[in-house]
Engineer: 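What follows is a single structure, and I will ask about it in a moment.
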Amino acid sequence: MVFNTFKEFFARFWKDIFKGRRDLKLGLYGPPNSGKSTLANRICKDWLGEEMSTVSNIAHETREIKVKEQINIKSKSGKELFFNLVDTPGIATRIDYEDFIKAGLSEKKAKRRAKEATKGIVDAIKWLNDMDAVVVVLDATQDPYSQVNITIIGNLQARNIPVIIAANKTDLKEARLKNVEAAFPQYPVVGISAKKGKNVSEFYESLFKHL
Amino acid sequence: MVTLQFIPYREIENLTSVGRIRKLLNVAKQNKIVLLQGRLRREEEAELIKVTMEEINREFQGIELAVINPSDSGTGFSRFKNNVFSVLLGDRQGITIIGPANIVKSIKKDPDKIELLTSERLVKKRRPK
């Protein structure tokens, strides 16, 4: 365990020296359907003028890691931040193809989606170690204390990776930003609606403040 | 019938991370709900999800996982005390519940209670015709 900690420290140190801030990898992590791809699209649209991922109401729409390179954002005070944005599949502990059939997919498509989703989750966990900073995207209308959320955030903390929590879907009246803040008091929490663009400028400012 | 299997911390204490995950997952794959004394390391929790995903098939749809840890909720001195116990004794405080997804629909945590919601599919299957 001590060896792993040293290994991670030196890997990070090495990476920082030779790659510099331009290759900062900013990951979007969270449970399925929390709005990671919607936020990725919002960031890409705002700063590159194009979308990055497809979105859907059916869970596990993003089933493979997607990377958008060289995004340059500017703060209100004129600072700049370069990063590569990594949109990851939603992390879950269970996948049942019958859930996709209930959501309206054919059996064949549901089985394929389930298979791809499990592989996507494995990849997302493997990529955790490569991240320089992570935005954990949570659905503010859902219970924030789910074990998946706690496991993701606990892992990032154990790896000393900076975390910002984006409490998404605050445009919905069921959203409870205070619940998310109460669940993770040690992390900066920004309430946003990636879909409607609500509070997104504050989210960008928080990137400058905490990364 | 739902079977609960209690695993004391000493049974996993000296195992490697791979060994711990294998032991817990093997029990869950036998359609038993695991009650583990203590908790896995944080990295092991993520690894457990990863290995679970690698093993999903028609019969095994994954797990429901919940960790109840008193040291997470304490403040000030009690938190410090719990952290000292963890360093000295290992992560044997609290309890970890791992339920196979075909039996456990969800686990709801509350400061005073844990609710295990079983799958309707299982209940339906067991109804007499």
Side-chain angles (χ1 to χ4, degrees), chain A residues 1 4-5 7-8 29 31-32 60 63 88-100 102 107 110-111 113-129 131 142-161 182-186, chain B residues 16-17 21 24-25 28 39-69 71-73 75 79 87 90-91 94-111 114-115 117 119-122:
Chain A
M1 196 176 166
N4 279 343
T5 312
K7 205 171 81 179
E8 277 171 26
Y29 275 82
H60 298 285
R63 298 183 293 283
T88 66
I91 294 180
T93 58
R94 61 192 296 157
I95 304 277
D96 186 352
Y97 76 90
E98 288 189 13
D99 291 338
F100 300 131
K102 281 178 203 157
E107 188 175 331
K111 283 181 176 170
R113 195 180 186 93
K115 198 175 174 188
E116 290 169 355
T118 57
K119 191 183 170 300
I121 294 169
V122 172
D123 289 342
I125 293 172
K126 280 182 186 166
W127 273 62
L128 261 177
N129 227 9
M131 298 298 152
Q142 301 291 318
D143 175 16
Y145 292 95
S146 86
Q147 194 59 43
V148 164
N149 297 347
I150 293 167
T151 299
I152 296 170
I153 292 171
N155 260 269
L156 294 166
Q157 189 185 27
R159 291 173 159 96
N160 290 321
I161 297 171
F184 304 104
Q186 65 275 48
Chain B
T16 61
S17 292
I21 290 163
L24 300 174
L25 210 49
R39 63 181 303 173
L40 295 170
R41 295 185 197 106
R42 283 165 173 167
E43 299 88 339
E44 289 169 348
E45 281 176 21
E47 196 61 27
L48 173 67
I49 297 175
K50 198 177 107 192
V51 176
T52 300
M53 287 300 124
E54 286 167 343
E55 299 196 3
I56 281 184
N57 55 34
R58 266 185 89 90
E59 287 78 37
F60 179 63
Q61 289 104 38
I63 54 169
E64 276 298 319
L65 173 69
V67 181
I68 289 99
N69 190 1
S71 63
D72 288 345
S73 54
T75 54
R79 198 182 183 108
V87 170
D91 294 321
I95 194 161
T96 302
I97 303 166
I98 302 166
N102 63 328
I103 292 179
V104 181
K105 194 176 173 188
S106 66
I107 303 174
K108 284 186 180 172
K109 286 192 288 181
D110 190 275
I114 305 160
E115 286 180 332
L117 306 175
S119 172
E120 275 174 38
R121 236 186 295 168
L122 180 81

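In this text the structure is predicted, and so the values were computed from the model without any measurement. Every heavy atom of this structure was used, including side-chain atoms; hydrogens, water molecules and symmetry mates were not. A note on names: the letters A, B, ... follow the listed sequences, proteins ahead of strands, and every chain is numbered from 1.
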Engineer: Heavy-atom distances under 4.5 Å only: say whether A:K119 touches chain B with side chain, backbone, both or neither.
Structural biologist: neither
Engineer: For the residue pair A:I95 and A:A117, what are the closest heavy atoms and their distance?
Structural biologist: CD1-CB, 3.9 Å
Engineer: Quick one: closest heavy-atom pair of B:L25 and B:L48, and the distance?
Structural biologist: CD1-CD1, 4.1 Å
Engineer: Using heavy-atom distances under 4.5 Å, tell me whether B:I63 contacts chain A through its side chain, its backbone, both, or neither.
Structural biologist: both
Engineer: By the salt bridge (Lys or Arg N to Asp or Glu O under 4.0 Å) test, which pairs, at least two apart or in different chains, include something from residues 57-66 of chain B?
Structural biologist: A:R94-B:E64
Engineer: Is A:I91 in contact with chain B via its backbone, its side chain, both, or neither, using a 4.5 Å heavy-atom distance?
Structural biologist: side chain
Engineer: Under 4.5 Å, counting heavy-atom pairs only, tell me which of A:S146, A:A92, A:A114 racks up the most with chain B.
Structural biologist: A:A92
Engineer: Do you know which of B:G62, B:A46, B:S106 has the most heavy-atom pairs with chain A at a distance under 4.5 angstrom?
Structural biologist: B:A46
Engineer: Could you pull out the closest heavy-atom pair between A:R159 and A:L128, with the gap in Å?
Structural biologist: NH1-CD1, 3.9 Å
Engineer: Got a sec, which residues hit side chain to side chain contact (heavy atoms under 4.5 Å, CB included) with A:A183, two or more places apart in sequence or on another chain?
Structural biologist: A:P144, A:Y145
